[in-house]
Number of protein chains: 2
Amino acid sequence: MEKNPLEEAILAAFEGMSAQLQAAARYILDHPRDIALLSMREQARQAGLQPATMTRLAKHLGFDGYEDIRSLYRAAVRGHAPNFAGRVREQAQHQKLKGDQFLAGEMLMTFGRQAALLAEPDSLACIADASTRISAARDVYCLGLRSSHAVAWHLHYILSLIGKRSTLLDGIGGTGADPIGRAGPQDVLVAVSVLPYTRAAIEIADYARARGVCLVAITDSPVAPLAQSADMAVIIPTDSPSFFHSMVPAFAAAESIGALVAGHGGDGTLSALREFDERLAALGTHLTSRTVRKTP
Amino acid sequence: MEKNPLEEAILAAFEGMSAQLQAAARYILDHPRDIALLSMREQARQAGLQPATMTRLAKHLGFDGYEDIRSLYRAAVRGHAPNFAGRVREQAQHQKLKGDQFLAGEMLMTFGRQAALLAEPDSLACIADASTRISAARDVYCLGLRSSHAVAWHLHYILSLIGKRSTLLDGIGGTGADPIGRAGPQDVLVAVSVLPYTRAAIEIADYARARGVCLVAITDSPVAPLAQSADMAVIIPTDSPSFFHSMVPAFAAAESIGALVAGHGGDGTLSALREFDERLAALGTHLTSRTVRKTP
DNA sequence: GAGTTATTGCAACACATGTTTCATTATGAT
DNA sequence: ATCATAATGAAACATGTGTTGCAATAACTC
């Protein structure tokens, strides 16, 4: 059944309602989405009721007016969260989380919603398309500047791990764009860029495109500069309750793409991972114990 | 991304639009659900545009008015399935989603669940505690190697943005641990490390602890090496349907911590952000146009 | 630089909105 | 049957809505 914020409240008060109020309440229970979408008068029309009845029901349920009910239902449609979000909200309210923890909770719930958006079929198709292009490429170049750097780096790291020839265009020592000079039509450039778009990223992407490199964009809108010139784009949300645009969705998309490319590799990936492990073991890179060491 | 009935029509007409029309079009593409839920004037307010612009865009796209567009988007929301996660599963079953998209969908749903775990009160308390310690610190050192690098880098980036004295211990040029030699009890080291734990990260963390530096760990278990020696630890999940342990939860935690530190800053943060903007503007780092550039 | 066209902001307009009030009707208790 | 209370429909009201037209500004062409 659909999300219905007032279901319990209405069921609890239903018996004590008059006929008209019950009819209005029934309409709300049966059409939660229309409560969000239609005006109160249009709802009353569709329910065959007087507009005043809707307002009266709202007051009967303890609200100031019907606009409060519509607002609640709009939030439900807008939130469109999986069940865990509702649970976290209730918990937050009951425990009276304050300040820091409230904001952090809001941010994390936003990340959850964003992950859900990315899990929708058209986004999944884009992620799969991107991974297919990367798997087919001779070389992969990963580009992300400023807030996008972490995303590009992460994808580069995963691809390197699985033996894919990946190059990070990160500008260290002023050499950022040099490697792209070797790229051609058999290669892929994965460029990450969100508002505010960095000029250098766009220019490098244009240059690569001019060389016939396949451009895969991870960006925040279909009309963003990168998306318009890309061969394909993975569109990610960046909205956040905080001042900072969130890079978590882009990071999640990049990790998903990297994992899919790994899955394409078959025996080659397995052997690359094995070589990696042996190399790191020889260099003593990782602790062999998973847990506590004695304090030195 | 969400259902967007006019995506193709907008993309096709985008280049021929004026600046204001493009901004309105972008708002529609980026907020399809709000198109259904909010009045045209409220949308214009949120987009920072004139109401007449919304009507003009509608006419530009061949409609009689903006109400036609809203009606289209309401229909899209009305047709939307109730439970997106359930819908993806059903669709997968009915349409026999191919391997890539199924795995990507599973990963993204895992990220959503992990976000929910991090949104629970004990995790939120740790995130808040970490942010409080960082805010109180004279200097902050961010450390994350290999797969943890992106997380450390992201936190470092946010802290730098808001004017916090942050240093990334990244080992470039073999100088990774050098800056920690200047650290003392007034400083914080944020170290990120998950299985397989890198030896260098643990050793640097130990060194810092020996110097009295407050150690904040972002790691995958309360009994991980880092957590055991840290002053406090943010425990993040890393499980993933893919071969690769996921760094998305750690990334989300780091971003949340950074945002909370920003919120502690008050006027200092605002002026730091302003200086940052001015510096970047002076250097021409970002594109001034949010949307398409003419094809070069 | 001048002229033309396109764009834009603003104000006015007709109409819709949600709420409140009043008069009428219905219901319940005695 | 009578009376008091609750419920109901309709109208009035203040405010918001989407659209249109006008004047000013910007952009483009010659």
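These numbers were taken from a predicted model, which means no experiment stands behind them.
Counting only heavy atoms from C-beta outward, the side chains of A/I257 and A/V216 never approach each other to under 4.5 Å. Looking at A/L117 and A/S123, their side chains never come closer than 4.5 Å, going by heavy atoms from C-beta outward. Residues A/T238 and A/I236 have side chains in contact (heavy-atom distance under 4.5 Å, counting atoms from C-beta outward).
Residues B/Y73 and B/D34 bring no donor and acceptor atom of their side chains to less than 3.5 Å of each other. Side chains of A/H245 and A/S240: a donor-acceptor N/O pair is absent below 3.5 angstrom, by distance only.
For B/M40 and C/dA16, the CE to C1' distance is 13 Å, given to the nearest whole Å. Between the CZ atom of B/R74 and the C1' atom of D/dT17 there is a distance of 12 Å, given to the nearest Å. Between A/E67 atom CD and D/dG16 atom C1' the separation is 11 Å, expressed in whole Å. Between A/E42 atom CD and D/dT17 atom C1' there is a gap of 15 Å when expressed in whole angstrom units. If you measure from atom CE of B/M54 to atom P of D/dT20, you get 16 Å, rounded to the nearest angstrom. Rounding to whole angstrom units, CZ of residue A/R45 and C1' of C/dC15 are separated by 12 Å. Whole-Å rounding puts the B/I69 CD1 to D/dG18 P distance at 12 Å. Rounded to whole angstrom, the span from the CZ atom of B/F63 across to the P atom of D/dT19 amounts to 12 Å.
Taking 4.0 angstrom as the limit, A/T55 places a side-chain polar atom (N or O) nearer than this to OP1 or OP2 of C/dT19. For D/dT19, the OP1/OP2 oxygens have no side-chain nitrogen or oxygen of B/K59 closer than 4.0 Å.
A donor and an acceptor atom sit less than 3.5 Å apart, one in the side chain of A/R41 and one in the base of C/dG18.
Candidate nucleotides D/dG18, C/dT19, C/dT17 were compared by shortest atom distance to the side chain of A/Y66, and C/dT19 ranks first.
A donor-acceptor pair under 3.5 Å is absent between the side-chain atoms of A/D129 and the main chain of A/A125, judged by distance alone.
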Identify the pairs formed between an N or O of the protein and an N or O of nucleotides 7-10 of chain C at a distance under 3.5 Å, and give each distance.
| residue | atom | partner | partner atom | Å |
| --- | --- | --- | --- | --- |
| C/dT8 | OP1 | B/Q20 | N | 3.2 |
| C/dT8 | OP2 | B/S18 | OG | 2.5 |
| C/dG9 | N7 | B/R56 | NH1 | 3.3 |
| C/dG9 | O6 | B/R56 | NH2 | 2.5 |
| C/dC10 | OP2 | B/Q50 | NE2 | 3.0 |

Show your working on side-chain contact (heavy atoms from CB on, under 4.5 Å) between B/F63 and B/L57 and close with a plain yes or no.
CA-CA 9 Å; B/F63 295 96; B/L57 175 62; over 6 Å; no
Quick one: do A/D231 and A/R209 satisfy salt bridge (Lys or Arg N to Asp or Glu O under 4.0 Å)? Show the steps, please.
CA-CA 9 Å; A/D231 293 276; A/R209 280 282 283 151; 3.2 Å; yes
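For B/Y157 and A/H149, the ring centers sit 6.0 Å or farther from each other.
Helix-axis bend for the helix from C/dG1-D/dC30 to C/dT30-D/dA1: the local axis fitted to the five terminal pairs at one end deviates from that at the other end by 30°, rounded to 10°.
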